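First the structure, in the form of structure tokens, and then the observations on it.
Throughout, a chain's letter reflects where its sequence line sits, starting with A, and its residues are numbered from 1. Computed from a prediction, not measured in an experiment: that's the story for all the values here. Just so you know, these numbers use all the heavy atoms, side chains as well, and skip hydrogens, waters and symmetry mates.
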Amino acid sequence: MTPNDSMRPLPPVQLAARRSIKRSTLYKRTIGAFVVCSMLLTGLVILTAYVVDPLQFYHKPWFYKPVYWPEERYQNPGLAKNYDYETIIIGSSMTENFFPGKVEEAIGGKTMKLSLQGSYADEQRKIARLALETGKVKTVLWGLDYFALKKNVNKGRNEFPDFLYDNNILNDYKYWFNYTPYEQLFKGLIRQYRTGHVQGLEGLYNWNYLVTFGEDVTIRHYRKALVEEASYGPEDPLGVVQENFTKNVLSLIEEYPDVKFLIYYPPYSILRHVVWKETNPERYGYQLIMKEWMYEQFSRYPNVEVYDFQTEADWTFNLDMFKDLSHHHQDINTWIAQAIGRKDPKYLVTADNVRAFVEELERQVGEAAVSDDDRLFRIRLYREDASGRTPISLGAVMIGNDGNLRVPAKGLAELLGAELAWDQETKRLRLTAGDRSLEMTVGEPTAQMGGETIALSHPASLIGGKTFVPLAETAAVFGWEASRTDLGDREFELTLKAP
Amino acid sequence: MLFNSYVFIFAFFPITVAGYFILCRLRLTYAAKVWLALASLVFYGWWDVRYVPLILASITFNYTVGRLLIASGEPTSRLHHHRKKLLAAGIVGDILLLGYYKYADFFLENLNAALGTDYPLLKIVLPLGISFFTFTQIAFLVDAYKQKAKEYDIINYILFVTFYPHLIAGPILHHGEMMPQFDRLRNKVWNWGNAARGGFVFCIGLFKKVVIADTFAKYANDGFAKAHMFIDSWVAALSYTFQLYFDFSGYTDMAIGIALLFNIRLPQNFNSPYKATSIQDFWRRWHMTLSRFLRDYIYIPLGGNRKGKLRTYFNNMAVFLIGGFWHGAGWTFIMWGFLHGAAQIVQRIWGEFFRPMPRWLAWAITFLFINVTWVFFRAESFDQALRLLKGMAGLNGVALGHVKSLWFPILLIAIFLPIVLFTRNSSEREHDFRPGWKTGLAMAAMFVISLFFMNRISEFLYFNF
């Protein structure tokens with residue numbers, strides 16, 4: 001199998017005694033050659049990095065058609081430094097589907113998309129700053145997610161390539177001595193050669209064609225999130241969020257008074273907010289507080305316009321435009337650009353309407369209801385008594401195939417003025433108001449009132465730690481009357497009349 | 001700190017070497033040892049400073065027991081008749097420490113599963129190199145007991161345990177094969193020959209680790225995560241077979257090379273293991289210092305092959321079960337050890353009743369066996385291992401499309417299989433070392449290419465926002 005299988009004896013530890021002068025010179029020469037050759041090869045590596053420059057970090061490609069790497073944290077610095085533009089797009093994956101051409105058409109100025117997927121504000125600040133420092137930027141279109149203002153947890157997991165974002169050439173060695181960009185360039189050139197297609201900047205980072213949009217997909221995500229997010233850890237305190245905002249967003253606005261900052265809050269599906277409200281009310285509340293607080297800060301600077309798209313119900317209730325709870329179709333990106341371009345007062349936040357945006361969102365969240373056959377409805381709940389009709393919210397609402405609503409027992413108990421008792425052991429709940437008391441067990445199709453058994457249209461169910469009970473039947477037990485008025489295909493009113 | 005990091009190659013390594021020889025030059029030889037011992041503790045603490053007290057505690061314990069064992073060797077000593085108990089106490093202490101840090105959660109998990117209890121896991125982070133420094137010190141205690149090792153000086157002892165080239169991943173040393181080298185006067189002088197050879201072996205090791213092993217790692221990881229058909233499973237298994245060899249032997253090469261710059265020669269640890277034509281042969285070539293440890297400190301004390309056939313089989317199995325468990329706290333490692341133990345027994349029985357196989361067949365069976373057992377070694381669970389083995393056996397069918405999608409790892413395997421089978425290994429190359437500018441150029445090429453491959457960008461794994 002091998003020329004020499006037996007273990008060779010190791011050479012004697014020391015040859016010193018027998019070592020001739022000549023041998024030692026040879027060894028020195030070996031090491032000398034190693035040092036000199038290493039330096040020459042290092043020089044060659046640096047020169048190659050400069051000439052080939054797979055990330056276009058020093059210049060646009062000299063002798064090949066550009067290959068862009070979708071690893072944005074690495075690709076964007078080159079785009080920011082070596083391309084021409086007047087408008088930049090900053091933000092998370094919510095901004096990746098903008099077409100620079102359409103943004104240019106709507107807002108003006110040759111546009112460069114510098115999105116960073118999964119990015120926090122400090123990362124967004126770094127790329128924005130790099131572009132701003134070139135002096136080319138006139139307008140910044142910045143999609144600001146509440147998520148991005150939280151504590152950066154990318155650190156450690158995905159190290160940010162800071163060496164591409166500073167002016168220190170010495171730490172560029174991390175780029176020169178890096179195998180991956182070359183591998184990507186090589187693969188990209190092969191792809192170019194085989195398909196004949198050259199990736200342009202227009203569709204770069206766009207994921208629209210890679211995913212499936214749809215109401216069914218989005219509702220599947222919704223059901224999963226209701227369960228999974230119930231166990232998420234504690235929310236970052238508001239102070240942390242505000243500090244991140246000041247440090248990373250506001251400071252840039254102050255530093256570049258001649259640049260126009262168009263800040264917008266990306267529209268998530270309405271169910272995104274419903275899940276936050278259900279599973280993490282603290283976060284839900286914080287983002288509403290932040291809307292007003294941020295506007296207060298922004299309003300001190302004349303070079304900022306703020307747009308809020310989160311209450312555009314035509315988009316956020318149309319789940320066919322979403323691939324999951326938050327990520328929307330590229331058409332919405334285009335509509336956003338157009339709305340900002342015409343400075344649409346419907347979305348432009350002002351001192352007068354900032355509160356109204358918050359209230360409207362809260363109202364819409366209360367109206368969203370998902371049916372068992374995976375359709376999103378918009379329903380308005382009212383409470384009617386002698387003094388008239390007032391809108392109410394009971395929390396997340398579900399609609400059975402028969403049209404009957406199910407709501408969280410807690411919210412309903414409050415409305416009915418009933419006392420709610422829960423036995424974890426038997427998964428049994430009891431509502432008591434006055435002399436009446438109703439008992440239900442999770443999963444059982446009947447309820448007990450006194451000695452009487454009542455058939456339920458749908459058994460009580462446990463989702464993400466919350467118990468949902470049939471609305472009409474429960475209310476009826478306590479003498480409330482429910483009446484429904486259809487307003488449209490997926491829209492209706494339900495009035496609960498007090499006894 | 002890892003050998004394959006900038007901070008080690010460009011700062012820690014040159015500074016410690018320079019400091020050592022400057023102190024030696026000033027005839028401060030004791031200070032030079034202190035310098036190296038401290039440097040080694042820094043090397044260890046770089047990863048997590050909280051574990052420095054742990055290794056120091058382990059050293060203090062073993063040094064104390066070791067000194068008592070040495071002192072009690074004199075017939076006049078009061079402890080002379082209790083030496084066996086003393087040794088036992090020392091070994092038990094070491095095993096308890098290792099047991100707590102490496103195996104506590106494994107036992108708790110199994111206890112919970114077996115009895116339906118619900119003891120919370122301790123979630124202890126495994127201190128780097130604890131398996132190695134524990135074994136090194138157990139060997140020292142036994143050597144001291146047998147009066148083969150003497151060490152009175154605490155700094156010498158610290159240096160023996162922590163000398164940073166061998167601290168984290170071996171080779172597992174005897175006191176007697178390293179410490180006398182530190183005391184040889186001529187070893188305290190910078191030696192161009194050793195520097196050139198050490199640098200040469202280091203460059204080979206670095207190249208093996210960061211260029212070859214880390215390239216295979218990607219395909220091994222991908223494959224173990226999802227492969228289940230014939231071709232992809234074999235690509236995964238073979239990728240891991242090569243990854244593990246180039247990773248571990250590369251790291252050992254670096255250790256040997258680094259030590260050589262200090263004029264210390266560490267024992268060879270790998271000798272082209274995949275050239276083995278039997279499982280015994282394999283264990284004479286793979287992680288040789290571990291095999292030696294297990295033989296000298298477990299197999300032979302158990303009676304080796306001197307107490308009859310059955311006892312020999314039992315001893316073989318015991319050694320490999322312990323060896324398997326030493327590699328990791330999990331049933332898959334125990335299974336891996338069991339299979340190797342069983343193979344040893346089968347080989348012995350075969351040797352008694354049958355004529356030797358043709359070499360090519362013997363090699364093929366050995367290599368196949370090693371590949372299959374590495375699957376257990378690498379797999380995170382039995383389910384994963386069985387999924388892969390099923391795929392390798394062809395039970396899930398063959399998807400020829402994998403040849404196209406996995407052409408690159410297949411090409412790599414096709415390149416490196418002949419290399420591990422037919423070319424000389426790093427020890428042999430070091431033995432035949434020819435100084436000259438060509439060797440210097442080869443070293444530089446390996447070095448710079450390695451630097452180039454040391455940085456790889458992992459993809460941003462997140463698509464929720």
Comparing Asn178(A), Val35(A), Leu325(A) against chain B, the one with the most heavy-atom pairs below 4.5 Å turns out to be Asn178(A)
Side chain, backbone, both or neither: which part of Leu41(A) has an atom under 4.5 Å from a heavy atom of chain B? both
For Arg429(B), is the CZ atom crowded, meaning more than 12 foreign heavy atoms sit under 6.0 Å from it? yes
Is chain A contacted by the side chain of Phe447(B), its backbone, both, or neither, given a heavy-atom distance below 4.5 Å? side chain
For the candidates Val36(A), Thr30(A), Thr42(A), which exhibits the highest count of non-hydrogen atom pairs separated by less than 4.5 Å from chain B? Thr30(A)
Heavy-atom distance under 4.5 Å between the side chains of Tyr265(A) and Gln287(A), does that happen here? no
Aromatic ring proximity, centroids under 6.0 angstrom, Phe270(B) and Trp286(B): yes
Pairwise side-chain contact, Trp46(B) with Phe8(B), heavy-atom cut-off 4.5 Å (strictly under): no
In terms of side-chain heavy atoms, does Asp122(A) have a donor or acceptor partner in Asn152(A) at a distance below 3.5 Å? yes
Around Phe186(A), counting heavy atoms of other residues, nucleotides and ligands shown, do more than 12 lie under 6.0 Å from its CZ? no
Within-4.5 Å side-chain heavy-atom neighbours: Phe262(B) and Asn187(B): no
Given a strict heavy-atom distance threshold of 4.5 Å, which part of Ala276(B) is in contact with chain A: side chain, backbone, both, or neither? neither
What parts of residues 203-211 of chain B touch chain A if we use heavy atoms and a cut-off under 4.5 Å? Cys203(B)
Step through it carefully: locate the ring centre of Phe453(B), locate the ring centre of Phe177(A), and say whether they are under 6.0 Å apart. no
In terms of heavy-atom pairs under 4.5 Å, which option from Gly436(B), Ser272(B), Ala195(B) contacts chain A the most? Gly436(B)
Without swapping roles, check the side chain of Asn76(A) against the backbone of Leu114(A) for a donor-acceptor pair under 3.5 Å. yes
At a heavy-atom separation under 4.5 Å, does Phe200(B) approach chain A through its side chain, its backbone, both, or neither? neither
Decide if the gap between the ring center of Tyr182(A) and the ring center of Phe452(B) is smaller than 6.0 angstrom. yes
Under 4.5 Å to a heavy atom of chain B? For Tyr175(A) that would be neither
